[in-house]
Number of protein chains: 2
Amino acid sequence: MAPPALECLLRARGLRVTEPRLAVLAYLAGTDRHPTAEEVESAVNAAGPVLSRASVYNVLHALVDVGLVTGLSVKDGPVRYDAHLGPHHHLVCRGCGRVEDVEWKDFAVAERGVLPDGRAVRTLFLTLDGLCTGCGEKEEGRGEAASPLPSRRPGDAQRFSTGT
Amino acid sequence: MAPPALECLLRARGLRVTEPRLAVLAYLAGTDRHPTAEEVESAVNAAGPVLSRASVYNVLHALVDVGLVTGLSVKDGPVRYDAHLGPHHHLVCRGCGRVEDVEWKDFAVAERGVLPDGRAVRTLFLTLDGLCTGCGEKEEGRGEAASPLPSRRPGDAQRFSTGT
DNA sequence: GCCGTCGTTTGGATTTATTCTAAATAGCGT
DNA sequence: ACGCTATTTAGAATAAATCCAAACGACGGC
């Protein structure tokens, strides 16, 4: 009975392994739909242990805190969650609102406004997670600086990606 | 009595000129603080005609619809508004939550993770506003396609920038 | 300059998303 | 197995934004 990979993931991040966490993580890992908290709740409850709403949020926050999941706030709707690891970005459909993953390399779209497959991009939004001029000075000279791009570390206070 | 520029802006976009709109637009144009709807409300009401909450939202929505203002949903907080025209992006301070404008050219940060002034960027989020694979097919061949980058046209349903 | 139309504003109630709280429960190291 | 502590739970509470129907006011026409 090999310990399912998800258990290891949780343990490796210092989280206790619990039913709710496994259920939520399994659901998120198995979809590319960028579900909202509500969708996570009903999906998980439909085929499982029945979690309270608060638990869904607790679990999602915990997972985001340790970097197993990212939260993205899209348009005017509720926050959506994404268990995809690795660098990628998002295309929000102007038509149906669906969120599509965009591979990192497609970043070059910035200079052209057209996706590799020819689809047009009307606008793009870039948001950086860093320190503003004021706060930057305070932290000056610490070991923290200049870690490269997409990564997240346990203990970060920031739970959600920032949006444009 | 030259008609203040803001009036013209509104008229040019097909909006009636009203007190509330002038007040909100004036406030937004005069700050780089990316205020929330609530901040707009109190700021405008402090020195002016006293708008109802609903009006603040109405006005903000109207302005966003015609492209005079953009809304950005940041982290887990409420939506913030920005009357800056022209292409730029945002840096959300991990320390104080302040939102700083980042010039378009600094986009090159993507490849390096460091701002021109040396500050590190921990993570960056890119969100595209376009059509997903499904919806893209439906609109195939229309005149709509491939308009270049940052622009917004009246009548767009999308009011808010999308967030990562 | 006055009028009518239709877009806009208003206050208050309402919905939606998320957080809080305190008590019950369950991991997991020993 | 035991105990310490993290986690879950239900429901109430808060925050943000929207909805509604009535009153108002901008502005084009006369």
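Quick note on labels: first sequence line is chain A, next is B, and so on, each numbered from 1. Computation of the quantities below employed the complete heavy-atom set of this structure, encompassing side-chain atoms and omitting hydrogens, waters and symmetry-equivalent molecules.
- Not one side-chain nitrogen or oxygen of A:H61 sits closer than 4.0 Å to the OP1 or OP2 atom of C:dT18.
- The nearest whole Å value for the distance from the CD atom in B:E41 to the C1' atom in D:dA17 is 12 Å.
- Straight-line distance from the CG atom of B:L10 to the C1' atom of D:dC27: 14 Å, rounded to whole Å.
- To the nearest angstrom, P of C:dG7 lies 15 Å from CG of B:D65.
- A donor atom on one side chain and an acceptor atom on the other are found under 3.5 Å apart for A:H84 and A:D101.
- Residue contacts shown for B:S55 include a base, since a base heavy atom lies under 4.0 Å away.
- Nearest nucleotide to the side chain of A:V59, out of D:dT8, C:dA17, C:dT10: D:dT8.
- Among the protein residues, A:E38 comes within range of the sugar-phosphate backbone only, with heavy atoms under 4.0 Å from sugar or phosphate atoms but none that close to a base.
- At the phosphate of D:dT18, neither OP1 nor OP2 sits under 4.0 Å from any side-chain N or O atom of B:Y57.
- The closest side-chain heavy-atom distance from B:L10 to B:L63 is below 4.5 Å.
- Taking atom CZ of A:R16 as the reference point, atom P of C:dT25 lies 16 Å away to the nearest angstrom.
- Under 3.5 Å, the side chains of B:D82 and B:H90 contain a donor-acceptor pair of N or O atoms.
- Contact check on A:R119 versus A:E100 returns a salt bridge, with a Lys/Arg side-chain nitrogen under 4.0 Å from an Asp/Glu carboxylate oxygen.
- One atom, CG of B:L63, and another, C1' of C:dT9, lie 14 Å apart when rounded to the nearest Å.
- For the pair A:L51 CG and C:dT25 P, the interatomic distance rounds to 17 Å; values are reported in whole Å.
- What you find for A:V92 and A:G97 is that their closest heavy atoms are CG1-O, 4.3 Å.
- Nearest-nucleotide positions on DNA chain D for B:T18 and B:A37 put B:A37 closer to the 5' end.
- At a threshold of 4.0 angstrom between heavy atoms, the contacts of A:R21 are confined to the sugar-phosphate backbone, with no base atom among them.
- Here A:R11 reaches the OP1 or OP2 of C:dC28: one of its side-chain N or O atoms lies under 4.0 Å away.
- Between B:A54 and B:E19, it is B:A54 whose nearest contact on DNA chain D lies nearer the 5' terminus.
- Residue A:L15 contributes atom CG, which lies 14 Å from atom C1' of D:dT5 at whole-angstrom precision.
- Separating the CG atom of B:L72 from the P atom of D:dA16 is a distance of 15 Å, rounded to the nearest angstrom.
- Within the nucleic acid shown, B:V56 has no heavy atom closer than 4.0 Å to any nucleic acid atom.
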